[in-house]
Amino acid sequence: MTPANNTVDVTENTAVEFHCTTSTSRPAASVYWFIHPNGNSSNITQITENITTMTDYNELSVITSTLRFVLSRHHNNMKIFCSANNSVNTSPVMSIKKLLNVLYKADDPYIIQGSEYRVIENTQGTLSCSVKGGNPTPTLSWSCNKFSPTNQSVIKSNGNTTTTFKWIALRNHNGTCTCISQQTKFQTEAVDVSLVVLYAASVTSFFVEGFPNQTVTVNEGGTVPFTCTADSNPTAVTTLSDESKIIQNVPSNNLKYNITKANCSDAGIFVCTAKNEYIGEENVQKEVQLFVNCYPRATGVIDTNITSEKNNTITIVFNVIAYPPPTFTWWQFLNETWTDLNNDDNFDIQSSNHQSNLTIRKVGMKDFTSYKVIVENDIGMMEQPYALSQYDKPDPPTGFRHIESQTTTTSIHLEWKPGFDNGPSQTFFIKYKRSSDTLWNYIYVPDNGEQTMVHTLTELTEDTQYEIVILSSNVKGNSSESSVLVTTAKAISRITQSLGPLIGGVIGGTVGLIIIIALVVFVGRRNGYINDCSGKLRKSDGINNTADDHAYYNVGRIDATAANQGSDDTRSNRPKRDANRINHTTEEASYYNVESVPVPTYELINRNYMDSAQYSTLQQTEQGTTSDVTIGDKKEIYENLKIQVF
């Protein structure tokens, strides 16, 4: 049987011929082909291309069988052989079994980690490449363009071949690594992986174009072009900022920024920072110090009105921006002139490049005045004024007194001069009470700016002594109280002879007339008659108020409850009475009002009936009125006397 070698190498999907020749025999033999997989033989005679030829030798025959067979990779390691027999043989004759070595290409190699491998700087990286199948087994190896992989290991298992290498990743390893698969009788195959080494961002350079170092000085109005470059993987967020704010923020490893017209406020430290998701420890930022030549000017909000209490320590702080660094001179306005200040027992001046502090150790009255600081450099100068004023609890009011001429029975008129408010606005507190009381009443009077202030206490009790005190107050506290002012609300004036003989005569005549009328009415009532003023008496059957007759009205003590009902006008709501309702009982005092028109009327209350504390003045009125009089603990209402002259 040929080929002659016991192992037959054949490439997958390639046809191969096998020849099997018998010995001479009579009758001629029959040849069969078999393949032997896994210990079992399969007859492949009918499924293969099989050609049989016969050669005769002296009536003996030699048979040659040619087998053309296309092998695949699953035939690998199988054995092929032929057998022959004729009618004489009881057992077939078999050839040597030939081992089939089917050569086939392995699958394409692939990288286990994928087409891109990301690894953090200074950590261990691992790359693995694998192929499946192949006869003969392929050889795998790694190659990288930025470094040489070492310590590669190969593992073969279940028809797969895998090669792996490990290393410590550096940022200069960024590049490409290739897995190479080599196999005898087949073309070499390769696959690439992109190697990405990740590392924290760092600023590699930060400068102003045209300046060789990190300190830059420009004139006001000049251009300042900044450039910042970062090294970062992944790409950094690059930020430009000054001492107070972020100026620019870009997702790039390169940043450019221009100050087109520099001014004094642009001076300061500029910082370029680069960051990504990985934290670095070095070179994350760089700085540039920018100076702008400019004359001095103030920074921040300046409160030029400064307040203080006496004996306090205060410090005035003044900040400027200026370059070159300026000088500071402090001045105080004293005795109508400006005086420059120096360090002494009361003043302390401390200055730096951009700040000057004036400290007054113990503020006295003469220190409440104006100040100014003058700042100058080679470019120019400026002046900043200040005013120091007192801020304390107010001084007490002075000249506190009452005005006797304006005092009444229910009010006391007060007058005082406000003290200095010492800064905050002040309010005056007046507290007062009856001398016999323990609790004080309080009145609040705002300062109206007048040099002399006045206030009237009202709703007081007549003929009563009061104690009155005044003080002033503001947000810092209260002044001291004034001395207690003791004064008395006026008493009601009694009827005196100063009213003149006329009043006496009127009163005497009135009393006499009342007595006469009372007697007439009394007698008439007893006899059932009244005088109709025509000289005749008639029965009292009511009052007939004709145009020719004078009308008379009974006036008596009115019940207080009835009189107080209705509106405030007691006259309009007071019940009318006639002559039939006159009460003559001895238990109840009766008073009579005689009314006629038109004569002046006077109010009169018998003071002999009242106790010494209760009285009323005689007062001319146009009409009769109703008076409330308290007699002892009983309150009664009386109608005024009205007199008609005939």
Side-chain angles (χ1 to χ4, degrees), residues 9-14 71-77 100-202 204 229-238 251-254 274-282:
D9 294 331
V10 60
T11 302
E12 181 183 30
N13 299 323
T14 300
L71 298 175
S72 63
R73 66 182 62 187
H74 78 271
H75 293 135
N76 188 43
N77 292 326
L100 298 176
N101 182 26
V102 180
L103 306 178
Y104 60 91
K105 185 179 180 299
D107 294 345
D108 291 339
Y110 64 93
I111 297 172
I112 294 174
Q113 288 78 13
S115 61
E116 181 180 88
Y117 180 62
R118 302 169 73 87
V119 58
I120 299 174
E121 183 182 30
N122 297 322
T123 64
Q124 179 177 276
T126 300
L127 282 175
S128 298
C129 178
S130 183
V131 294
K132 182 179 181 181
N135 186 29
T137 300
T139 300
L140 295 178
S141 61
W142 280 101
S143 175
C144 297
N145 65 342
K146 295 294 183 69
F147 65 101
S148 298
T150 58
N151 300 322
Q152 300 185 41
S153 62
V154 178
I155 297 175
K156 296 181 179 181
S157 175
N158 298 324
N160 293 329
T161 302
T162 302
T163 182
T164 300
F165 80 95
K166 299 179 180 181
W167 84 110
I168 299 301
L170 303 176
R171 68 178 62 186
N172 59 4
H173 290 168
N174 275 314
T176 301
C177 289
T178 303
C179 176
I180 302 170
S181 175
Q182 294 177 314
Q183 190 178 9
T184 304
K185 294 189 177 182
F186 295 101
Q187 182 179 354
T188 297
E189 300 291 344
V191 60
D192 294 333
V193 57
S194 177
L195 183 59
V196 179
V197 180
L198 304 174
Y199 51 89
S202 62
T204 57
T229 303
D231 181 18
S232 173
N233 194 14
T235 299
V237 174
T238 306
S252 172
N253 288 347
N254 297 284
K275 291 184 179 180
N276 59 21
E277 59 263 43
Y278 302 101
I279 300 175
E281 298 180 357
E282 298 179 355

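Owing to the predicted nature of the structure, the values given are computational and were not obtained by experimental measurement.
For Arg73, the side chain to side chain donor-acceptor pair (under 3.5 Å) partners at least two apart in sequence or on another chain are Glu12. For His75, there are no side chain to side chain donor-acceptor pair (under 3.5 Å) partners two or more places apart in sequence or in a different chain. Under the side-chain contact (heavy atoms from CB on, under 4.5 Å) criterion, Ile155 pairs with no residue at all, not counting sequence neighbours. A search for side chain to side chain donor-acceptor pair (under 3.5 Å) contacts involving Glu121 returns Arg171, not counting sequence neighbours. By the side-chain contact (heavy atoms from CB on, under 4.5 Å) test, Thr123 is found to be paired with Val119, Ile120, residues two or more places apart in sequence or in another chain being considered. Scanning for side chain to side chain donor-acceptor pair (under 3.5 Å) contacts around Tyr104 gives an empty result, with sequence neighbours left out. For Asp108, the salt bridge (charged side-chain N to carboxylate O under 4.0 Å, His left out) partners at least two apart in sequence or on another chain are Lys105. Partners of Glu116 according to the salt bridge (charged side-chain N to carboxylate O under 4.0 Å, His left out) rule, which considers only residues two or more places apart in sequence or in another chain, are Arg118. With sequence neighbours excluded, the residues that form a ring-ring contact (aromatic ring centres under 6.0 Å, His included) with Phe165 are Trp142, Trp167. In this structure Asn254 satisfies the side-chain contact (heavy atoms from CB on, under 4.5 Å) test together with Thr229, Ser252, sequence neighbours excluded.
Residue pairs that meet the ring pair (Phe, Tyr, Trp, His ring centres under 6.0 Å) test with at least one member in residues 108-137, sequence neighbours left out, do not exist here.
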Go through the steps for Leu140 and Cys179 under the test side chain to side chain contact (heavy atoms under 4.5 Å, CB included), then give the verdict. CA-CA 7 Å; Leu140 295 178; Cys179 176; 4.3 Å; yes
Stepwise side chain to side chain contact (heavy atoms under 4.5 Å, CB included) test for His173 and Cys144: CA-CA 9 Å; His173 290 168; Cys144 297; over 6 Å; no
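Under the 3.5 Å distance criterion, with hydrogens and angles disregarded, no donor-acceptor pair is assigned to the side chains of Asn233 and Tyr278.
Atom CD of residue Gln124 and atom CD1 of residue Ile168 lie 5.5 Å apart, to the nearest 0.5 angstrom.
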Just distance, no hydrogens or angles: give the donor-acceptor pairs under 3.5 Å from side chains in residues 126-139, sequence neighbours left out.
{"from": "Ser128", "atom 1": "OG", "to": "Thr164", "atom 2": "OG1", "distance (Å)": "2.8"}
{"from": "Ser130", "atom 1": "OG", "to": "Thr161", "atom 2": "O", "distance (Å)": "3.2"}
{"from": "Ser130", "atom 1": "OG", "to": "Thr162", "atom 2": "OG1", "distance (Å)": "3.1"}
{"from": "Asn135", "atom 1": "ND2", "to": "Asn76", "atom 2": "OD1", "distance (Å)": "3.3"}
{"from": "Asn135", "atom 1": "ND2", "to": "Asn101", "atom 2": "OD1", "distance (Å)": "3.0"}
{"from": "Asn135", "atom 1": "ND2", "to": "Val102", "atom 2": "O", "distance (Å)": "2.5"}

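Distance alone, capped at 3.5 Å, places no donor-acceptor pair between the Asn276 side chain and the Thr235 backbone. Asn253 contributes no side-chain N or O that, together with a main-chain N or O of Asp231, makes up a donor-acceptor pair within less than 3.5 Å.
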